[in-house]
There are 2 protein chains.
Amino acid sequence: MTDRDERPARAKRADAKRNETVLLEAAAAVFVESGVDAPVREIAARAQVGMGTIYRHFPTRADLIVAVYRHQVDACAEAGPRLLTERISPHAALSRWVELFVDFLVTKHGLAAALGSDQAGFASLHAYFIDRLVPVCEQILDAAIAAGEIRKDVGGYELLRGIGNLCIFADDDADYDAHRLAGLLVAGLRT
Amino acid sequence: MTDRDERPARAKRADAKRNETVLLEAAAAVFVESGVDAPVREIAARAQVGMGTIYRHFPTRADLIVAVYRHQVDACAEAGPRLLTERISPHAALSRWVELFVDFLVTKHGLAAALGSDQAGFASLHAYFIDRLVPVCEQILDAAIAAGEIRKDVGGYELLRGIGNLCIFADDDADYDAHRLAGLLVAGLRT
DNA sequence: ATGGAAGCGGAGCATCGCTCCGTATTCACT
DNA sequence: AGTGAATACGGAGCGATGCTCCGCTTCCAT
C-alpha cells in the first residue's frame, strides 16, 4: 500500500500517469455533483478520456472510489488511536470517532449504499473499508470493554456496518438525522 | 383501503381482473427468488403477460411492491396497538414491535433499500409505509415517553427509517445481525 | 350479433455497464 | 535522430433493463 508509487519496477508511461491524475480529479468532481453512482461515461467525458481508459486504470467502480477517498478513510482510521489517548473515556472516544465516520459518509452521495452492497464490483471498496476501519473500531471497543463501559457482544465489523447503514440515503431527508441515530446506537452499547 | 374491491363503480373486465391476480402471484414469487429489484420482464414472463400489462396495472414498481406486501404491512401496523395492551412495559412493547418490523424486512431482498431510496418511482412505496407504520410507531413511543422510559427527541419517522436502514443488505452477511443492532438502537432510547 | 370500449402485447427507444480491437503514443535502444 | 515494439488510448458495439406507444384483440352491453 505504501510501496505502490515508490517502486516503479517498470516505469509507467507518462500519458498513462497523467490520465490517472486527470481521472481522479474528474471522478472526485463528478462524485460530488452526482454521487458515486454517476455513469462511467460522465466521468470519462469530464476527464476528456475514453471509457476504455477508465476501465484500464480502475477495473471496477470500487477501485476508482477507493482511490478518490483513500486519504479521507486513512485520516479517519488514524483518528481512532489518537482519540483514545486524549483524556476522555473510551466510550466518549467511540462517540467522537463514530461522529467522524458519519461525517465522512453522509457527505458522499451513495457511498454508504455502495459500501453495504456486496454486489459484484464493489468487493474492493468493501474490503478497503473493512481493512482500514474495522481494526480501529475494535481497538476502541476493546478499550471501552476493558473499562467496563459497554457490552461485549457487538463486534467492530457489525457496529461499523450498522453505522454505515444508518448513513444510507441520509442526505436527502431533512427529518432524518444519521448523527442522532448513530449516537443512539452507541448509547445502546452501554452496560 | 377497504372499499377498493367492494365498490366496482364501473365493472372491471374479467380478463383484467384475472391478470391482476396472476401478476400479484407472479410478482410475489419472483420477489422471493430474485428480490424486489427483479427485472420487470422476468415478472411479466412468469405471469405469461406482456410488459404493457404490468405497467397498466401497476404504473410504478412501488405500486406492485405495495400490492404484494400490503397485508403484511397492515399486520405489522395492527400488532402495535395490540402489543401496548399486553401487560408489558411500553418499552418492551417497542422492542417486540421493532422485532416484528425487522423480521418482515430482512426476509424481503432489497425491500429495505427500496424503502429508503426516495428515487422517483418509489414514492408510493415510501408513502405507504410511512402512512401505515409511522403513526403506530409514534403511538408506542408516546406511551414509552409517558411512562418515562425513553428520551423524547427521536420521532417515529426517524426511528422507523433508522431501523429500516439497519435491515439493508442484512440478508447476505452472516456476521451482521440486524436484530441485534435494532435492539441496540431501541436500548439507546432509554433515559 | 355486433360495435365500441377496455385491455393486451411486445417492438422499440433510451440509458448504462463493460469489452474488444484497430490506431496512436511513448520510450529504450541504436 | 530514427525506429520498432510495448504500452496506452478511444469509442463502437453488445447485452441488460426501464418504460412507452400504438396496432390488434377481447369482452360485454345492447
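Letters A, B, ... are given to chains in the order of the sequence lines, protein chains preceding strands, and every chain is numbered from 1.
- A/Asp142 is not listed as a side-chain neighbour of A/Gln139, based on a closest heavy-atom distance of 4.5 Å or more.
- At a threshold of 4.0 angstrom between heavy atoms, the contacts of B/Ala44 with the nucleic acid are absent.
- One atom, NZ of B/Lys12, and another, C1' of C/dG7, lie 11 Å apart when rounded to the nearest Å.
- Contact between the side-chain N/O atoms of A/His57 and the OP1/OP2 oxygens of D/dA8 is not found at any separation under 4.0 Å.
- Between A/Tyr157 and B/Asp173, the side chains place a donor N or O and an acceptor N or O closer than 3.5 Å (distance only, hydrogens not considered).
- Judged purely by distance below 3.5 Å, without hydrogens or angles, the side chains of B/Glu42 and B/Ser34 pair a donor atom with an acceptor atom.
- For the pair A/Arg61 and A/Phe122, the cation-pi test (distance below 6.0 Å, angle within 45°) is failed.
- In this entry the distance linking CZ of B/Phe58 with P of C/dC8 reads 11 Å, nearest Å.
- At a cut-off of 3.5 Å, with distance as the only test, no side-chain donor of B/Asp63 or B/His57 sits close to an acceptor on the other residue.
- Ring geometry for B/Phe101 versus B/Phe129: interplanar angle of 30 to 60°, hence tilted.
- When the nucleotides C/dG17, D/dA8, D/dC27 are ranked by their closest atom to the side chain of A/Asp15, D/dA8 comes out on top.
- At least one side-chain heavy atom of A/Val73 sits under 4.5 Å from a side-chain heavy atom of A/Phe104.
- In terms of position on DNA chain C, the residue among A/Arg61 and B/Arg13 whose nearest nucleotide sits closer to the 5' end is B/Arg13.
- For DNA chain D, no neighbouring residue in residues 110-124 of chain B is found when judged by any heavy atom under 4.0 Å.
- Taking the side chain as every heavy atom from C-beta outward, B/Glu33 and B/His109 never approach each other to under 4.5 Å.
- The separation between B/Arg18 atom CZ and C/dC8 atom C1' is 11 Å, rounded to whole Å.
- Both B/Thr60 and B/Ala14 sit near DNA chain D, but only B/Thr60 has its closest nucleotide nearer the 5' end.
- Atoms CD1 (B/Ile54) and P (C/dG9) sit 10 Å apart, rounded to a whole Å.
- Looking only at side-chain heavy atoms (C-beta outward), B/Ile140 and B/Leu83 stay at 4.5 Å or farther from each other.
- Atom CG in A/Asp37 sits about 12 Å away from atom P in C/dC18, given to the nearest Å.
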Pull out every protein N or O sitting under 3.5 Å from an N or O of nucleotides 10-14 of chain D, one pair per line with the distance.
from   : atom 1 : to      : atom 2 : distance (Å)
D/dG10 : OP2    : A/Gly50 : N      : 3.0
D/dG10 : OP2    : A/Thr53 : OG1    : 2.8
D/dG11 : O6     : A/Gly52 : N      : 3.2
D/dG13 : O6     : A/Arg41 : NH2    : 3.1

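- The CD1 atom of B/Ile43 sits 17 Å away from the P atom of C/dG10 (whole-angstrom rounding).
- One atom, CG of B/Leu23, and another, C1' of C/dG7, lie 13 Å apart when rounded to the nearest Å.
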